[in-house]
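Remarks on the structure that follows.
Computed over heavy atoms, backbone and side chain alike; hydrogens, waters and symmetry mates excluded.
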Amino acid sequence: MVRVRFAPSPTGFLHIGGARTALFNWLFAKHNKGKFILRIEDTDLTRSTKEAELQILDSLKWMGLDWDEGPLVGGPHAPYYQSQRLEIYKKFIDKLLKEGKAYPCYCSGEELDARREEMKKKGEVPRYDGRCRNLTDAEQNRLKKEGRKEVVRFKWTTPVRPFKDAIHGEINFGEHQYDDFVILKADGSPTYNFSCVVDDHTMEITHVIRGDDHITNTPRQIAIYEALGFNPPQFAHIPLILGPDKSRLSKRHGAVGVLEYKKEGYLPEALMNFISLLGWSPGNNKEIMSQEELIRSFSLERIISRNAVFNKEKLDWMNGAYLKTLPTEKLLEHLMPYLKEAGFVKDKTDRIMLMKIVEIYKPRIRTLQQIVDNADFLFKDELKYDEDAVNKFLKRDYVPSLLEKVGKRLEALKEFEPQAIEATLRKLAEELNMKGGDFIHPLRVALTGKEVSPPLFDVIGLLGKEKTIKRIKETRKLL
């Protein structure tokens, strides 16, 4: 059975790169009817936080990436927190020490730094010089009595082997030499390369799907697999995600934590769809795909070996496409938390009116937050005018007179519906011999405070007679 894992460190929010790694593992497991395991790599005690862990779990749950084993759900290979697996690591550390495949090292940080600097001066690659590799028992006892802290180093004895990657093919580091690296720190916690090998073996992981930045770790891990007598899993390293300028993806490119996308009003299914296409292709140029289609189509063979480019505009377009397909009632359900947080919705808010607002804005928004930002004038009593729009459209000589005439015509209307409103105002524009833009733009700014809005006659109908007349009068006082 296919068994894959996502193993985040709880040292910060779940970003787009991590979310894509989780998604690819999840899709691969679902496609192959396998298991998706979540493991928390929290051995960095100084940087790991409970807050970060909860944020990661919430991010995965919001995206719909449910796990078969791991925190909150348990499983046959518990515990799923590295900080709770120290006894398991100790057992395998002891095995390597006993077999002479690892050894204690008593070199201090200052001594190691000094030796590396010396190597640099000689033009050599700075690396551990094996000083403690062959210490006698007496020498070890003397160093212990001096109070020196002890780490455990892996004894590298074999050439660096090439390995087969499911995405990149054979990867060969050639003549590159690795030094004897640390596998157990002085505080008793394992290093990443050691703990993930032990965890992946004991949790029966069959495929390790992770980012390209882990490729250089793989030879070390393969050496540990061989030293412990384990069969390595199949490795698949996913290319990086870059910004539009081809630099490493960062916040300045619009890449933020997954829950920030939720806050901004993106749908989880749209974000899943978008992230899936960062470095993977279904092979048919199709872009809008349901979760079921993604699962059915996904394979490691179709992961692209070159770096992917994050395009925020494409994410916005895709989210807008998802919003357009939602039934109005469903879209309103998604919107309600945003409207409530903004203070726009109260217990007595007219739901029919809300449905009309959603219906009008549905084809015009790309995120749920945009309704809050763009339709605020429909909910607030006091209007906030856009200064540029005021200067552009309201400071024209004819505007005060126009607003007065519009106010009188609308006040005389008995049926305050969009069709009647449109007929009345078009007739007035014709009587005044005014172009549509010269007539509509100032009126739009007077009623919405904005230069852009849905069709003006729909807006007036939504505002209602009382609020429309009031805003026209208030705007006239400002001019």
Side-chain angles (χ1 to χ4, degrees), residues 13 54-55 58-59 61-63 251 254-271 274 312-313 315-390 418 443-472 474-475 478:
F13 59 74
L54 293 175
Q55 190 267 358
D58 287 345
S59 298
K61 285 189 282 186
W62 176 69
M63 284 189 66
K251 286 184 179 180
V256 293
V258 166
L259 291 183
E260 192 64 28
Y261 289 101
K262 177 184 179 182
K263 184 179 178 182
E264 291 178 11
Y266 292 87
L267 297 176
E269 50 267 41
L271 187 63
F274 172 75
K312 181 73 158 42
E313 290 182 4
L315 171 59
D316 290 345
W317 165 80
M318 187 170 284
N319 198 63
Y322 270 83
L323 292 174
K324 286 182 181 70
T325 63
L326 284 178
T328 302
E329 185 75 35
K330 188 71 176 175
L331 180 52
L332 179 56
E333 284 180 29
H334 282 292
L335 274 167
M336 286 301 279
Y338 298 85
L339 296 173
K340 286 179 179 177
E341 186 176 346
F344 292 167
V345 174
K346 300 182 175 99
D347 292 339
K348 295 182 179 179
T349 302
D350 187 343
R351 190 170 181 84
I352 295 176
M353 180 63 69
L354 287 175
M355 293 279 284
K356 289 180 181 178
I357 293 171
V358 170
E359 194 66 44
I360 287 175
Y361 272 96
K362 189 197 291 189
R364 294 174 171 81
I365 60 170
R366 292 192 165 189
T367 70
L368 298 170
Q369 183 61 37
Q370 282 182 348
I371 282 196
V372 177
D373 297 337
N374 297 338
D376 56 338
F377 68 90
L378 291 167
F379 299 96
K380 294 179 177 179
D381 291 328
E382 290 188 18
L383 200 60
K384 183 179 179 181
Y385 295 91
D386 178 85
E387 191 174 338
D388 290 338
V390 169
L443 191 52
R444 173 178 280 116
V445 178
L447 294 174
T448 70
K450 306 173 189 292
E451 183 176 343
V452 178
S453 77
L456 180 62
F457 309 116
D458 291 328
V459 166
I460 294 174
L462 289 170
L463 284 171
K465 189 172 187 177
E466 182 182 345
K467 190 176 279 190
T468 299
I469 302 301
K470 181 184 175 187
R471 287 196 177 171
I472 289 174
E474 288 173 346
T475 304
L478 296 174

Has the side chain of K362 got a donor or acceptor atom that lies under 3.5 Å from a matching backbone atom of L326?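 Answer holds: yes.
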Is the closest basic N to carboxylate O distance between R351 and E329 below 4.0 Å?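 A salt bridge links R351 with E329.
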With side chains defined as the heavy atoms from C-beta onward, is the minimum distance between [X] and [Y] less than 4.5 Å?
X    : Y    : result
L354 : L335 : no
L447 : T475 : no
L332 : M355 : yes
D386 : T448 : no
E264 : T367 : no
V459 : T468 : no
I371 : R364 : no
N319 : F274 : no

Counting only heavy atoms not in K384 (residues, nucleotides, ligands), do more than 12 fall under 6.0 Å from its NZ?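 Incorrect, the count does not exceed 12.
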Take atom CD of E341 as the centre, draw a 6.0 Å sphere, and report whether it contains more than 12 heavy atoms from other residues, nucleotides or ligands.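 Counting neighbours around CD of E341, 12 or fewer heavy atoms of other residues, nucleotides or ligands fall under 6.0 Å, so no.
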Minimum heavy-atom distance [X]-[Y], with the two atoms named:
X    : Y    : result
L383 : A446 : CD2-O, 3.3 Å
A270 : M318 : O-SD, 3.9 Å
Y338 : Q369 : CD2-OE1, 3.5 Å
Y322 : L267 : CB-CD1, 3.9 Å
P268 : M63  : CB-CA, 4.1 Å
Y361 : P454 : OH-CD, 3.3 Å

Anything under 30° is parallel, anything over 60° is perpendicular, the rest tilted; go ahead and classify Y266 against Y261.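 It falls in the perpendicular class, over 60°.
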Working note: L462 + M353, criterion side-chain contact (heavy atoms from CB on, under 4.5 Å); need CA distance, chi angles, decisive distance, verdict. CA-CA 7 Å; L462 289 170; M353 180 63 69; 3.4 Å; yes
[atom2] on [Y] to [atom1] on [X], rounded to 0.5 Å:
X    : Y    : atom1 : atom2 : value
T328 : I357 : OG1   : CD1   : 12.5 Å
I469 : L463 : CD1   : CG    : 10.5 Å
K330 : E333 : NZ    : CD    : 5.0 Å
R444 : F377 : CZ    : CZ    : 9.0 Å

Go through it in stages, so that I can follow the logic: the residues are K450 and D376, the test is salt bridge (Lys or Arg N to Asp or Glu O under 4.0 Å), and I'd like the CA-CA distance, side-chain angles, deciding distance and then a yes or no. CA-CA 10 Å; K450 306 173 189 292; D376 56 338; 3.2 Å; yes
For L259 and F13: C-alpha separation, side-chain torsions, deciding distance, then whether side-chain contact (heavy atoms from CB on, under 4.5 Å) applies. CA-CA 8 Å; L259 291 183; F13 59 74; over 6 Å; no
